[in-house]
Amino acid sequence: MAMENEFRYWQSYQSARRAMSLGKVFNNLAPMLLLLACMLGLFSSAPGSSELGWWFRSLSCLALILFVVGVILEALGRSLQMTTDIAVNGSPTLTDEEKAKIIARSGSV
C-alpha cells in the first residue's frame, strides 16, 4: 500500500514540476519574442511597410499572452506542489519515515 501512495505522490510532484518548467519556458520565450517584435517595430516605421507593423502588433500580443500563460502555469505548478506536500504530511497511511522520504525525493525541501 505504501508503494502505491508513494507512486501517486511522485506522479503529482512530476506534474507540478512539468507545469512549473513549462511556465518557465514560456516566461523565457516571451521577452525574446517581444525583443523580436520591437526590432520589427523599428523597421515598420519606414514608408510602405504596413505589413511589418502588423507583425509587430501580433508578436507583441503573442509575447504578452505567452508571459501571462507562463505565470499562470508556474503558479498552478507551485500550488500543486504545495497541495501534494500537505497531502503527504496529512496522510494517515504513511509513517513519518515514508513522509520524510517522499518529501525529500520531491525536492520541496
- Query: More than 12 non-hydrogen atoms from neighbouring residues, nucleotides or ligands closer than 6.0 Å to CZ on Phe67, yes or no?
  - Reply: no

- Query: With a 4.5 Å heavy-atom cut-off, do Tyr13 and Ile102 have their side chains touching?
  - Reply: yes

- Taking all atoms of both residues into account, what is the closest heavy-atom pair of Gln81 and Ala16, and its distance? N-CB, 3.8 Å

- Shortest non-hydrogen pair, Ala37 vs Leu59, comes out as CB-CB, 3.5 Å

How many angstroms lie between atom [atom1] of [X] and atom [atom2] of [Y], to the nearest 0.5 angstrom?
| X | Y | atom1 | atom2 | value |
| --- | --- | --- | --- | --- |
| Tyr9 | Arg105 | OH | CZ | 14.0 Å |
| Glu97 | Lys99 | CD | NZ | 10.0 Å |
| Ile86 | Ser91 | CD1 | OG | 13.5 Å |
| Lys101 | Thr95 | NZ | OG1 | 8.5 Å |

Hydrophobic clusters here meaning ILVMFWY residues chained together by side-chain heavy-atom distances under 4.5 Å, can you tell me if [X] and [Y] are in one?
| X | Y | value |
| --- | --- | --- |
| Leu22 | Leu66 | yes |
| Ile65 | Leu33 | yes |
| Leu64 | Leu35 | no |
| Leu62 | Val69 | yes |

- Message: What verdict does the side chain to side chain contact (heavy atoms under 4.5 Å, CB included) test give for Leu73 and Asn27, after you've listed the backbone C-alpha separation in whole Å, the side-chain angles of each residue and the deciding distance to 0.1 Å?
- Response: CA-CA 10 Å; Leu73 277 173; Asn27 285 340; over 6 Å; no

- Residues two or more places apart in sequence or in another chain: which of them pass side chain to side chain contact (heavy atoms under 4.5 Å, CB included) with Leu76? Ile72

- Note on the structure: Residues at least two apart in sequence or cross-chain that pass side chain to side chain contact (heavy atoms under 4.5 Å, CB included) with Arg8, listed by chain then number, are Asn5

- Taking Ser15 for the side chain and Gln11 for the main chain, is one N or O donor matched with an acceptor at less than 3.5 Å? yes

- Does the Glu74 side chain pair with the main chain of Val71, one donor and one acceptor, at a distance under 3.5 Å? no

- Item | Candidate pair Arg17 and Gln14, rule side chain to side chain contact (heavy atoms under 4.5 Å, CB included), full reasoning | CA-CA 5 Å; Arg17 269 190 291 256; Gln14 284 292 101; 2.6 Å; yes

